[in-house]
Amino acid sequence: MHLGQLITCEHISEHEPELSVVIPAYNECTNINQLYVELNDVLSNLGMSWEVIFVDDGSTDAGWQEILALHEKDSHVKGIRLSRNFGHQYALFAGLSHAKGKAVISMDADLQHPPQLISEFVKLWQEGNKIVHTVRSDPDDFSTFKKITSRLFYRFFSFCSGVQIEPGMADFRLLDREVLDRILQFREAGLFLRGIVQWVGYPSATVEFQSANRFSGVSHYSFIKMLRFGWDGISSFSIIPLRVATLLGLLTSGVAFSGIVYAFYAKFVSGSAIPGWASSVAILSFLLGVLFILVGLIGEYIGRILIEVMQRPRYLIWEKTGMETDSTPRSPYPEQFGFERKQ
Ligand code: UDP
Ligand code: MG
């Protein structure tokens with residue numbers, strides 16, 4: 001390494017913040033400012049250098065203007081604007097791959113994740129934990145339906161994948177730079193960070209928190225989005241559904257086979273053939289039904305393979321604020337993580 005390089009490296013590390021906070025935001029313009037005020041309060045008192053990266057996930061409200069205005073006021077605030085709505089997990093990943101901190105915290109933009117917990121995260125990190133997870137108790141505005149389905153999903157996920165996720169684990173966490181760099185190497189398209197963060201291991205701590213109600217606005221996780229998110233999680237971690245499908249196939253063919261044996265027995269041994277079509281049609285349609293489910297399931301996995309082999313970028317960045325336009329993500333495979341428009 002010659003002197004010029006050395007100076008550049010030192011120059012960069014001097015300006016790299018110790019702590020990054022990454023916040024995906026989709027139509028959260030009424031929450032962004034309040035969140036910044038609370039974050040500023042907490043982060044300024046930590047005695048560390050910091051940055052806050054808002055990722056505007058194709059909002060249709062004035063969210064991006066809000067982020068630009070905050071950046072004008074305070075250069076700690078940086079922004080990434082995706083070219084459309086790519087979904088929470090991708091927005092989060094876009095932010096994570098641009099974070100420069102030695103520790104990186106991710107949180108939601110709607111103030112359900114209390115910024116006041118950050119000092120506790122940092123303390124646990126300084127004590128040597130590489131990951132600080134959180135488990136939330138559900139807020140009052142969580143519907144019973146959402147509570148039950150989310151609990152069932154995490155049990156099922158843990159059963160299928162062997163990766164333990166506690167119900168209520170949220171995308172509110174701290175990752176050490178080392179862990180984050182490892183996670184940024186994951187190249188799959190159906191990102192399920194909650195599972196990946198458990199899968200990587202490393203010493204970790206868990207903080208419990210009472211999730212607040214949304215500061216304003218409504219949840220963007222519709223039932224369909226939750227289903228898609230859930231399926232991405234399960235199918236990216238486990239092929240147990242395919243094994244269940246095989247078992248189901250075996251079971252139904254067993255049932256059908258005994259039906260056939262019984263029909264033969266009735267005709268040739270007891271001499272009283274089963275009359276009519278009803279029973280055979282019933283068995284046939286039952287079998288066809290099962291078959292379609294199985295074909296659909298296999299199709300889902302093949303679809304995932306197709307998406308993976310296409311290797312499309314997972315998100316597109318439209319513009320950035322507060323970051324050099326040529327700042328490449330820190331990942332060893334930058335081309336995998338999203339493409340950005342050249343300014
Ligand atoms: N979010 C996003 N893109 C989306 C949906 C949500 O960036 O397509 C962000 C959203 O702005 C929030 C976080 O993800 O900061 C969690 O979303 P939300 O609060 O709607 O989910 P909930 O807390 O109801 O599960
Ligand atoms: Mg929320």
Side-chain angles (χ1 to χ4, degrees), residues 15-17 19-44 50-101 104-115 118 170-172 184 191 193 212 214-222 225 229 312-331 334 337-343:
H15 287 83
E16 286 188 356
L19 185 66
S20 304
V21 180
V22 173
I23 306 158
Y26 176 55
N27 290 347
E28 304 279 10
C29 98
T30 49
N31 296 326
I32 287 174
N33 193 52
Q34 177 66 22
L35 178 58
Y36 163 73
V37 170
E38 293 191 20
L39 275 174
N40 188 22
D41 219 29
V42 175
L43 297 171
S44 313
W50 54 275
E51 64 176 357
V52 171
I53 303 178
F54 283 100
V55 184
D56 181 87
D57 186 17
S59 298
T60 49
D61 65 3
W64 180 244
Q65 284 67 34
E66 193 74 24
I67 296 166
L68 290 179
L70 280 178
H71 171 67
E72 282 296 305
K73 207 165 80 178
D74 180 351
S75 60
H76 287 113
V77 178
K78 300 169 182 179
I80 299 172
R81 187 186 202 183
L82 302 188
S83 63
R84 65 167 169 85
N85 179 240
F86 281 88
H88 173 218
Q89 296 286 291
Y90 295 104
L92 184 54
F93 214 81
L96 289 176
S97 49
H98 285 78
K100 297 270 201 289
V104 180
I105 291 170
S106 55
M107 65 193 299
D108 287 357
D110 55 6
L111 288 120
Q112 287 193 294
H113 298 161
I118 288 180
D171 280 318
F172 180 29
L184 290 177
L191 267 182
L193 273 170
R214 256 184 167 271
F215 183 67
S216 67
V218 289
S219 167
H220 306 293
Y221 265 103
S222 62
K225 269 193 181 175
F229 178 63
R312 284 190 183 159
R314 291 181 285 188
Y315 52 81
L316 297 176
I317 292 175
W318 179 9
E319 48 187 314
K320 297 188 212 170
T321 184
M323 299 173 192
E324 319 85 77
T325 45
D326 62 344
S327 81
T328 39
R330 297 182 62 128
S331 147
F337 294 109
F339 283 39
E340 46 193 282
R341 194 184 63 163
K342 285 279 167 263
Q343 303 285 328

>> Is there a side chain to side chain contact (heavy atoms under 4.5 Å, CB included) between D108 and I23? Walk through the geometry before answering.
In response: CA-CA 6 Å; D108 287 357; I23 306 158; over 6 Å; no

>> If you apply the rule side chain to side chain contact (heavy atoms under 4.5 Å, CB included), what do you find for M323 with H98, and how did you get there?
In response: CA-CA 9 Å; M323 299 173 192; H98 285 78; 4.0 Å; yes

> Does the pair K78 and V55 meet the rule for a side chain to side chain contact (heavy atoms under 4.5 Å, CB included), with working shown?
Replying inline: CA-CA 9 Å; K78 300 169 182 179; V55 184; over 6 Å; no

>> Is there a side chain to side chain donor-acceptor pair (under 3.5 Å) between Y26 and D56? Walk through the geometry before answering.
In response: CA-CA 6 Å; Y26 176 55; D56 181 87; over 6 Å; no

>> Using the rule given for side chain to side chain contact (heavy atoms under 4.5 Å, CB included), can you reason through L316 versus R84, listing the C-alpha separation, both sets of side-chain angles and the distance that settles it, and then say yes or no?
In response: CA-CA 8 Å; L316 297 176; R84 65 167 169 85; over 6 Å; no

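In this structure, E51 contributes its side chain and V21 its backbone to no donor-acceptor pair below 3.5 Å. Using a distance-only test at 3.5 Å, with no hydrogens or angles considered, a donor-acceptor pair links the side chain of S97 to the main chain of A94. Using a distance-only test at 3.5 Å, with no hydrogens or angles considered, a donor-acceptor pair links the side chain of H71 to the main chain of V77. Panel note: side chain S106, backbone D171; a donor-acceptor pair is recorded below 3.5 Å. D74 contributes a side-chain N or O that, together with a main-chain N or O of H76, makes up a donor-acceptor pair within less than 3.5 Å. Put simply, the side chain of S20 gets close to the backbone of G101: a donor and an acceptor are under 3.5 Å apart. The backbone N or O of S59 lies less than 3.5 Å from no partner atom in the side chain of N27, so there is not a single donor-acceptor pair. A distance-only check finds no donor-acceptor pair linking the side chain of H113 to the backbone of M107 [under 3.5 Å].
Using a 4.5 Å heavy-atom cutoff, the side chains of I317 and R81 are not in contact. The side-chain heavy atoms of I118 and L19, taken from C-beta on, include a pair separated by under 4.5 Å. The shortest side-chain heavy-atom distance between F54 and L35 falls under the 4.5 Å cut-off. Looking only at side-chain heavy atoms (C-beta outward), C29 and W64 stay at 4.5 Å or farther from each other. Looking at L70 and I32, their side chains come closer than 4.5 Å, going by heavy atoms from C-beta outward.
If you take CG on D61 and CG on N31, they are separated by 9.5 Å, rounding to the nearest 0.5 Å. A distance of 14.0 Å separates CG in L96 from OH in Y90, rounded to the nearest 0.5 Å. Atoms CG and NE2, on L193 and H88 in that order, are 8.5 Å from each other to the nearest 0.5 Å. Atoms OH and CD1, from Y36 and I67 in turn, are 13.5 Å apart once rounded to the nearest 0.5 Å. The distance from the CG atom of L39 to the CG atom of L111 is 8.0 Å, given to the nearest 0.5 Å.
Taking each heavy atom of A109 and A25 in turn, the nearest pair found is CB-CB, 3.9 Å.
Identified under the salt bridge (Lys or Arg N to Asp or Glu O under 4.0 Å) test for residues 27-39, with sequence neighbours left out: E28-R214.
Q65 CD: more than 12 foreign heavy atoms inside a 6.0 Å radius.
The cationic atom of R314 (NZ for Lys, CZ for Arg) does not lie both less than 6.0 Å from the six-membered ring centre of F86 and within 45° of the ring axis.
Side-chain atoms of D57 and Y315 include no donor-acceptor pair closer than 3.5 Å.
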